[in-house]
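One structure below.
Every chain is numbered from 1 and lettered A, B, ... according to where its sequence line falls, protein lines coming before strand lines. Note: hydrogens, waters and symmetry copies are ignored here, and every other heavy atom, side chains too, is used.
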2 protein chains.
Amino acid sequence: MTRLSFRQKVHLAREDAIVATVKRLLAEKGFDLMTVDEVAAEVGIAKASLYKHFPSKEALAAAAMVQMMELALQQAQAQDAQPGASAIDKLKGITRWTLQTQVAGEMPTLPAENSSLRSALIAHKGYMDGLMQLSEQLGAWIVQAQSDGTVNRALPPEAVLYTIFARACDPVLGFLKAGGSHTDAQIVDWVMLTCFDGLAGRPAAG
Amino acid sequence: MTRLSFRQKVHLAREDAIVATVKRLLAEKGFDLMTVDEVAAEVGIAKASLYKHFPSKEALAAAAMVQMMELALQQAQAQDAQPGASAIDKLKGITRWTLQTQVAGEMPTLPAENSSLRSALIAHKGYMDGLMQLSEQLGAWIVQAQSDGTVNRALPPEAVLYTIFARACDPVLGFLKAGGSHTDAQIVDWVMLTCFDGLAGRPAAG
DNA sequence: GTCTATAAGAGGATAGAC
DNA sequence: GTCTATCCTCTTATAGAC
């Protein structure tokens with residue numbers, strides 16, 4: 001680890017402040033409705049200064065998404081650090097973290113099918129590396145859980161993986177929260193229930 | 001029913017063509033990425049002519065969403081027309097129709113949390129009426145299915161309702177389709193399975 | 001690297017002739 | 001009601017002084 005000059009530290013701190021603001025705005029409004037002017041105003045610097053740190057709006061968002069991916073990877077490692085946890089426990093753990101993050105308004109929205117952000121992210125090595133690493137980690141748990149019988153063997157592992165990823169942008173959380181009569185924890189519990197146990201009633205034996 | 005002059009028929013036919021184009025473009029790219037120029041070009045008329053039929057881009061999209069809502073209501077009535085169908089069967093029927101429509105690329109995307117389309121739709125009487133009617137229809141089935149025990153009683157009916165509505169914009173379908181190695185029917189079956197039975201393995205008795 | 005000022009362009013909407 | 005041509009606003013991005 002190289003020692004940093006004071007100036008470098010200030011530089012990094014400012015970039016962190018920028019990325020934090022972008023993360024929040026992405027979670028609030030999504031990529032298309034977030035404007036660079038807005039980011040600059042909230043950080044408290046001029047727009048031109050923003051462009052000295054990040055070359056484009058896409059790069060700005062990519063930096064935020066990379067940080068989110070790093071958080072997710074940390075969570076995945078935290079699941080693996082639990083000694084007695086089974087594969088399904090780990091899958092539920094990372095899913096719950098995703099839902100909690102989203103309901104707290106801290107999950108930047110994933111790129112929609114046709115966003116210009118999508119191609120920028122696909123071209124972004126740091127993001128794609130993180131995504132691959134996370135996919136492999138979850139994929140291993142899924143295969144394990146299916147051989148356990150704790151995840152339905154009729155589903156291809158990729159379908160399970162995508163279903164868990166999709167919880168990051170599940171609109172059901174927002175709908176229930178808009179009602180205003182439930183706590184965040186209660187909402188997360190219900191979505192966890194539908195995700196892993198489905199809408200259908202379980203037979204009495206279950 | 002008033003008889004229509006030839007000119008009126010042509011007028012309505014053109015509006016139908018416009019709405020059909022908007023529905024397709026909404027399904028393809030969503031509201032924000034769809035441009036009015038594009039709509040005009042695909043319909044084959046000038047943009048100014050479009051604005052003689054619909055006063056704004058929001059009104060254009062609202063007309064498409066209203067038509068979609070009417071299709072959904074027809075489907076709901078079709079479910080009720082099945083003589084031996086139970087409540088859970090009807091819920092599964094409308095959900096399957098939703099998934100099939102989306103995987104076929106014919107489901108206009110629902111308004112995101114902060115789209116300008118959202119407020120326009122909320123202010124649109126025809127859309128809101130349809131939405132209420134559909135909600136009440138599904139709500140009745142949900143209550144019935146919960147008293148049957150065929151839908152999990154631990155879930156509040158609104159959570160079940162939102163979960164079914166959310167299938168209209170479930171990104172899992174798109175992810176699986178992008179892989180290219182599954183048929184649409186297979187994809188729909190898997191998402192139906194996760195929606196109603198969840199990711200978890202069922203006990204052998206199930 | 002920060003600022004003010006501005007370019008460059010996309011996209012929603014309209015004017016006015018026919 | 002349809003067209004061509006235009007307006008106007010918003011937004012990304014950059015120029016150039018300090």
Nearest-angstrom distance from the residue atom [atom1] of [X] to [atom2] of [N]:
{"X": "B:Leu50", "N": "C:dA13", "atom1": "CG", "atom2": "P", "value": "11 Å"}
{"X": "B:Leu60", "N": "C:dG12", "atom1": "CG", "atom2": "C1'", "value": "12 Å"}
{"X": "B:Ile45", "N": "C:dA13", "atom1": "CD1", "atom2": "C1'", "value": "15 Å"}

Tell me every residue that passes side chain to side chain contact (heavy atoms under 4.5 Å, CB included) with B:Thr183, counting only those two or more places apart in sequence or in another chain.
B:Ala185, B:Gln186
For DNA chain C, produce a single dot-bracket line, 5' to 3'. Pairs: Watson-Crick or G-U wobble, both distances under 3.5 Å. Symbols: ( ) within strand, [ ] crossing, | other strand, . unpaired.
||||||||||||||||||
Look at the side chain of [X] and the backbone N and O of [Y], then say whether any donor-acceptor pair between them is shorter than 3.5 Å.
{"X": "A:Gln8", "Y": "A:Ser5", "value": "yes"}
{"X": "A:Arg96", "Y": "A:Val188", "value": "no"}
{"X": "A:Ser49", "Y": "A:Ile45", "value": "no"}

Any protein N or O atoms within reach of nucleotides 11-18 of chain D? Criterion: under 3.5 Å, listing atom names and distances.
residue : atom : partner : partner atom : Å
D:dT12  : OP1  : A:Met34 : O            : 3.4
D:dT12  : OP1  : A:Lys57 : NZ           : 3.0
D:dT12  : OP2  : A:Val36 : N            : 2.9
D:dA13  : OP2  : A:Tyr51 : OH           : 2.8
D:dA13  : OP2  : A:Lys57 : N            : 2.9
D:dA13  : N6   : A:Lys47 : NZ           : 3.0

Please round to the nearest 0.5 Å and tell me the distance separating atom CH2 of A:Trp141 and atom NZ of A:Lys92.
14.5 Å
Going from CD on B:Glu136 to CD on B:Gln133, what distance comes out if it is rounded to the nearest 0.5 angstrom?
8.0 Å
How would you list all residue pairs meeting side chain to side chain donor-acceptor pair (under 3.5 Å) that involve residues 64-79 of chain B, not counting sequence neighbours?
B:Lys23-B:Gln67
Quick one, which residues of residues 6-26 of chain A touch DNA chain C with a heavy atom under 4.0 Å?
A:His11, A:Arg14
Considering only residues two or more places apart or on different chains, which pairs with a residue in residues 163-177 of chain A satisfy salt bridge (charged side-chain N to carboxylate O under 4.0 Å, His left out)?
A:Arg167-A:Asp170, A:Lys177-A:Asp184
Distance check: side-chain N/O of A:Ser49 vs OP1/OP2 of C:dG1, anything under 4.0 Å?
no
Students often mix this up, so state it plainly: with edges at 30° and 60°, are the rings of B:Trp190 and B:His182 parallel, tilted or perpendicular?
perpendicular
For A:Asp148 and A:Gln144, does a side-chain donor sit closer than 3.5 Å to a side-chain acceptor?
yes
